[in-house]
Trainee: 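One structure, pasted below without further comment.
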There are 2 protein chains.
Amino acid sequence: MNVGKHYTRPMPSATETRKALKLAEKLCQERGVRLTPQRRNVLAVINASDQPLGAYDILEQLRAQQPRIAPPTVYRALDFLLTEGLIHKLESLHAFVGCHHPDHPHHSQFLICEDCGEVDELHSPLVRDSLDDAAKARGFAPKHSTVELLGRCARCQA
Amino acid sequence: MNVGKHYTRPMPSATETRKALKLAEKLCQERGVRLTPQRRNVLAVINASDQPLGAYDILEQLRAQQPRIAPPTVYRALDFLLTEGLIHKLESLHAFVGCHHPDHPHHSQFLICEDCGEVDELHSPLVRDSLDDAAKARGFAPKHSTVELLGRCARCQA
DNA sequence: AGCCGTATCGTTACTTTATAACATACGACC
DNA sequence: GGTCGTATGTTATAAAGTAACGATACGGCT
């Protein structure tokens, strides 16, 4: 897959990754859902990456430990993590990123740099409200939003 | 593919479709690009549909007249039509719809009904501006936007 | 008209992304 | 210990998209 071509920022630290996993565990416990080892593994791979990962990228990484793991296992874990709001899917890349604020449901907006692959997760209330208003004006009841801007990040323009 | 399951609104009239094709021809001529028969055929199929169509749906329809047509031909036509702003791609559905305002470039926002498959193309200046502002605040230079709300349209709620 | 360069298209084969279907395992509860 | 629901393993296949290369068509030129 390899989204970024030029600059790539440093991988998330092991500490950050562990903290994210701890939070995920806590949230799942609170909600009465199970963060099973497979789901945890998938989340760990995603959180440990500095780039969005495709399902088959994740698969490949998991095969290092579990050579016989197959696509449905990964997709099932991804479905779970999406449902629980622990990750996001970037539709325009067919790739997945960890959620920065998994503790409450939200619309997110993503700025995706085509040069370096960096993904910036925003939660602009203005964007959210303007979208809600637009939907309301049409009597439309939104369940899920996909908001992705593709372009160049500040660093790659400089 | 078959996006809509329940209500489906009537197909666009032949008159509408013809008008859209006329406009597309005019725009292409003005721009010095060629709306070739294959491109025209693909556009016609998309415009004649009341639902977003996947590339392979389009392929299948074209095969009625041209049994040996292959995926690359369709994808090339789709690329052209996207570049010229004559159609849009709905990333969350892997499907394509005709553009309602092909005469000037624009960000669009889409309201996609999960029940009936209807797609509403919006051009809310508030949404556009709030997204531009959010991007600007991060020094991000957007090239393309994907804004899609999935949910239920007014009719399907009633 | 004939020639050239480029754009478009045909064709084959293939890659990448995603899911259906069914078998097996495992844990919670009676 | 049986059985019910949830999660996973496993095989196969569907759906979406592209690479590569040759053939043909088109527009501009002399």
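Values below: all heavy atoms of this structure, side chains included; hydrogens, waters and symmetry mates excluded. Reminder, nothing fancy here: chain letters follow the sequence lines and each chain counts from 1.
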Trainee: To the nearest 10 degrees, what angle separates the axes at the start and end of the helix from C:dA1-D:dT30 to C:dC30-D:dG1, five pairs each?
Mentor: 20°

Trainee: Distance check needed: D:dG9 P versus A:Ile69 CD1, whole Å only.
Mentor: 6 Å

Trainee: Figure out the CG/P separation between B:Leu78 and C:dC9, and round it to whole Å.
Mentor: 12 Å

Trainee: Which pairs of donor and acceptor atoms, one on a side chain in residues 26-33 of chain B, lie under 3.5 Å apart (sequence neighbours left out)?
Mentor:
from	atom 1	to	atom 2	distance (Å)
B:Arg31	NH1	B:Glu84	O	2.7
B:Arg31	NH1	B:Glu84	OE1	3.0
B:Arg31	NH2	B:Pro102	O	3.2

Trainee: Could you give all pairs that pass the salt bridge (charged side-chain N to carboxylate O under 4.0 Å, His left out) test and reach residues 137-153 of chain B, with sequence neighbours left out?
Mentor: A:Glu114-B:Lys143, A:Asp120-B:Arg138, B:Asp115-B:Arg152

Trainee: If you only use heavy atoms from C-beta on, which nucleotide in D:dT8, D:dT10, C:dT12 is closest to the side chain of A:Ala70?
Mentor: D:dT10

Trainee: Less than 4.5 Å apart, any side-chain heavy atom of B:Leu131 and any of B:Val147?
Mentor: yes

Trainee: Over how many whole Å does the gap from A:Arg68 atom CZ to C:dA23 atom P extend?
Mentor: 18 Å

Trainee: When rounded to the nearest 0.5 angstrom, what is the spacing between CG in B:Leu21 and CG in B:Leu35?
Mentor: 7.5 Å

Trainee: Round to the nearest Å and state the distance from B:Gln38 atom CD to D:dT24 atom P.
Mentor: 16 Å

Trainee: According to the ring pair (Phe, Tyr, Trp, His ring centres under 6.0 Å) rule, which pairs have a member within residues 107-134 of chain B, sequence neighbours left out?
Mentor: B:His88-B:Phe110, B:His101-B:His123, B:His106-B:His123

Trainee: Calculate, to the nearest 0.5 Å, the distance between atoms CG and CD1 belonging to B:Leu59 and B:Ile69 respectively.
Mentor: 6.5 Å

Trainee: Provide a list of protein-nucleic acid N or O atom pairs under 3.5 angstrom, restricted to nucleotides 17-19 of chain D.
Mentor:
from	atom 1	to	atom 2	distance (Å)
D:dG17	OP1	B:Lys89	NZ	2.7
D:dG17	OP2	B:Tyr75	OH	3.3
D:dG17	N7	B:Tyr56	OH	2.7
D:dG17	O6	B:Tyr56	OH	3.2

Trainee: Tell me every residue that passes side-chain contact (heavy atoms from CB on, under 4.5 Å) with A:Gln61, counting only those two or more places apart in sequence or in another chain.
Mentor: A:Val45, A:Leu53

Trainee: Once you apply a heavy-atom cut-off of 4.0 Å, does B:Arg76 come out as touching a base, just sugar-phosphate, or nothing?
Mentor: base

Trainee: How long is the straight-line distance from OG of B:Ser108 back to NE2 of B:His100, given to the nearest 0.5 Å?
Mentor: 9.5 Å

Trainee: Under 4.5 Å between side-chain heavy atoms, chaining through other members, with only Ile, Leu, Val, Met, Phe, Trp and Tyr counted: pull out the rest of the cluster around A:Leu126, sorted by chain and number.
Mentor: none

Trainee: Pairing donors with acceptors under 3.5 angstrom, does anything connect the side chains of B:Ser92 and A:Thr146?
Mentor: no

Trainee: Just grab all the side chain to side chain donor-acceptor pair (under 3.5 Å) pairs involving residues 33-42 of chain A, residues at least two apart or on different chains.
Mentor: A:Glu25-A:Arg40

Trainee: Within this structure, what is the CZ-to-P distance between A:Phe80 and D:dA7, rounded to whole angstrom?
Mentor: 7 Å

Trainee: List in chain and number order the residues that pass ring pair (Phe, Tyr, Trp, His ring centres under 6.0 Å) with B:Tyr75, two or more places apart in sequence or in another chain; answer none if no residue qualifies.
Mentor: none

Trainee: Taking salt bridge (charged side-chain N to carboxylate O under 4.0 Å, His left out) as the cut-off, I'd like each qualifying pair that reaches into residues 126-136 of chain B, sequence neighbours left out, listed once.
Mentor: none

Trainee: For the pair made of CG in B:Asp57 and P in D:dA16, what is the distance, rounded to whole Å?
Mentor: 7 Å

Trainee: Would you kindly give the CG-to-P distance between B:Leu93 and C:dT17, to the nearest whole Å?
Mentor: 19 Å

Trainee: Could you check which residues of residues 58-67 of chain A get a heavy atom under 4.0 Å from DNA chain D? Sort them by number, please.
Mentor: A:Gln66

Trainee: Mind listing the residues from residues 23-37 of chain B sitting with a heavy atom below 4.0 Å of DNA chain D? Number order is fine.
Mentor: B:Arg34

Trainee: Got B:Thr15 and B:Lys19 here, is their nearest side-chain heavy-atom distance under 4.5 Å?
Mentor: no

